[in-house]
Amino acid sequence: MSKVFYLSGLAAALLLSGCQAVNTTSGGAVGVERKQYMFSMLSADEVNQMYAQSYQQTLSEASSKGMLDKSSANAKRLQTVAGRLIPQAPRFRPDAANWQWEVNLIKSPELNANCGPGGKIIFYSGIIEQLKLTDDEIAAIMGHEMAHALREHSREAMSKAYGIEVAKQGAGALLGLGESGMALADTVVQYSLTLPNSRGNENEADLIGLELAARAGYDPNAAISLWRKMEAAGGGAPPEFMSTHPSSSSRIAALQAAIPKVMPLYQQAKAGR
């Protein structure tokens, strides 16, 4: 057991030694402040370029199947919401003003949406239609997903994966562990390095997304109705969106606690429209 704890600690040390401590965004009114550790040989531009290629491939495949929706009422709604949210992004990181933001709708029953590195947004029609989303609720989802991109959670996850692989290969060779020992060590490393930050990332996206939507003039209370709709739609098997964005009473409580911080921003935005 001591070898396993040693491996976990070594993984953390290797990860930190190959990474730089950064804070990708300002804290905003919601106060998101956490040092992130990014692999120094993997730049934000490289991650953005890699994802842009994958994004274009997804759009090409959808287009070839007649699933890329550019003209429906929902596609236009997405463009309108994005047109108000994206200008708020530089408040958290100025360089986001230079990102090549894109917003696309794919016709699919999936209850899913995402925003990849560099501002590449995809919504699937199922999440809008099945949940009967209001524009405020669309803004809650889009703001949440944009926040993941602004905080570079994908690059952060890739940096952690680097640390884990180095730990498995380097420390495994040093300790002479067998397959069963490596499997156990791998589990410990995953729990010690990945899960806590994963939960933290979701909280950060909730808070920053809430502020983005409020600054764009969308009611922050829609985040509460959205997650309640998500829970109701889940039933026995949660929607795909919730498989990576788990909802819970604690999450809703955290959003409710943060709403008073952003409500003045929402009211100011509404007054100025």
Side-chain angles (χ1 to χ4, degrees), residues 19-56 78-104 113-123 136 138-160 197 200-220 223 255 258-273:
C19 292
Q20 297 174 331
V22 299
N23 199 347
T24 52
T25 63
S26 63
V30 291
V32 172
E33 298 284 355
R34 175 178 65 87
K35 287 296 182 184
Q36 300 166 274
Y37 293 93
M38 303 293 189
F39 182 32
S40 57
M41 294 180 66
L42 183 66
S43 72
D45 286 342
E46 287 172 326
V47 174
N48 292 353
Q49 290 171 11
M50 285 188 288
Y51 188 80
Q53 293 175 353
S54 173
Y55 184 80
Q56 290 305 318
L78 285 181
Q79 293 295 332
T80 298
V81 172
R84 287 167 56 176
L85 280 175
I86 290 170
Q88 310 306 319
R91 292 179 178 273
F92 284 92
R93 52 180 300 165
D95 67 320
N98 301 320
W99 287 5
Q100 300 301 308
W101 293 89
E102 289 189 51
V103 185
N104 283 283
N114 62 71
C115 178
K120 307 301 185 185
I121 303 169
I122 289 180
F123 269 67
D136 292 307
I138 288 174
I141 293 177
M142 193 178 293
H144 174 101
E145 292 303 312
M146 287 171 59
H148 279 303
L150 293 171
R151 287 290 288 171
E152 294 188 59
H153 287 155
S154 291
R155 185 160 74 107
E156 189 175 13
M158 293 171 73
S159 298
K160 291 175 186 175
N197 281 337
N201 289 355
E202 283 303 306
N203 182 62
E204 290 176 357
D206 279 348
L207 296 177
I208 291 176
L210 195 70
E211 182 168 339
L212 287 171
R215 287 184 179 277
Y218 290 104
D219 187 353
L255 285 165
I259 285 174
K261 298 178 182 178
V262 302
M263 188 56 72
L265 300 173
Y266 165 62
Q267 293 168 341
Q268 181 180 5
K270 288 289 286 183
R273 296 197 67 81

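Values below: every heavy atom of this structure, side chains too, minus hydrogens, waters and symmetry copies. Along the sequence shown, the residues carry numbers beginning at 1.
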| request: Check Tyr51 against Asn114 and note the closest heavy-atom contact, atom names and distance. | output: OH-OD1, 3.3 Å
| Exceeds 12 heavy-atom contacts within 6.0 angstrom, atom CD of Gln268 | no
| request: Would you indicate whether the side-chain heavy atoms of Pro220 and Met263 approach each other to under 4.5 Å? | output: yes
| remark: Separation between CG (Asp45) and CD (Gln49), nearest 0.5 Å, reads 6.0 Å
| field | SB check Glu156 Arg34 (cutoff 4.0 Å) | value | yes
| said: To check you understand the geometry: which heavy-atom pair defines the closest contact between Ala29 and Leu265, and what is its length? | reply: CB-CD1, 4.0 Å
| task | Report the C-alpha distance between Gln36 and His153 in whole Å, list the side-chain angles of each, state the deciding distance to 0.1 Å, and finish with yes or no for side-chain hydrogen bond (donor to acceptor under 3.5 Å, both in side chains). | result | CA-CA 9 Å; Gln36 300 166 274; His153 287 155; 4.5 Å; no
| note | Of all heavy-atom pairs linking Phe92 and Gly28, the shortest is CE2-CA, 3.8 Å
| request: Check for a donor-acceptor pair, side chain of Trp101 on one end and backbone N or O of Ala96 on the other, with a separation under 3.5 Å. | output: yes
| task | Please report the closest heavy-atom contact between Glu211 and Val30, naming both atoms and the distance. | result | OE1-N, 3.1 Å
| field | pair His144-Glu202: side-chain heavy atoms closer than 4.5 Å | value | yes
| remark: Correct closest heavy-atom pair for Pro117 and Asn48 would be CB-OD1, 3.3 Å
| query | Is there side-chain contact between Asn104 and Ile121, with at least one heavy-atom pair below 4.5 Å? | reply | no
| query | Between Leu212 and Leu150, is any pair of side-chain heavy atoms under 4.5 Å apart? | reply | yes
| Side chain proximity check, Leu210 to Ile259, heavy atoms < 4.5 angstrom | yes
| note | OH (Tyr55) and SG (Cys115) are apart, to the nearest 0.5 Å, by 8.0 Å
| query | Do Arg84 and Tyr218 meet the cation-pi criteria used here (NZ or CZ under 6.0 Å from the six-membered ring centre, within 45° of the axis)? | reply | yes
| query | Using a distance-only test with no angle check, is there a side-chain donor-acceptor pair under 3.5 angstrom linking Arg151 and Thr25? | reply | yes
| Is the closest side-chain donor-acceptor distance between Asn201 and His148 under 3.5 Å? | no
| Could you give the distance from CH2 (Trp99) to NZ (Lys120), rounded to the nearest 0.5 Å? | 10.5 Å
| query | Would you say Glu145 and Met142 make side-chain contact, with heavy atoms under 4.5 Å? | reply | no
| query | Is Ser154 reaching over with its side chain to a backbone N or O of Ala149, donor-acceptor style, under 3.5 angstrom? | reply | no
| request: Output the distance between atom NZ (Lys270) and atom CD (Gln267), rounded to the nearest 0.5 Å. | output: 11.0 Å
| task | Return the minimal non-hydrogen interatomic distance between Leu255 and Ala223, and the atom names on each side. | result | CD1-CB, 4.2 Å
| request: Would you indicate whether the side-chain heavy atoms of Arg93 and Glu152 approach each other to under 4.5 Å? | output: yes
| message | Rounded at 0.5 Å granularity, tell me how far CD in Gln79 sits from CD in Glu102. | response | 9.5 Å
| query | Roughly how far, to the nearest 0.5 Å, is OG1 of Thr24 from CG of Asp95? | reply | 9.5 Å
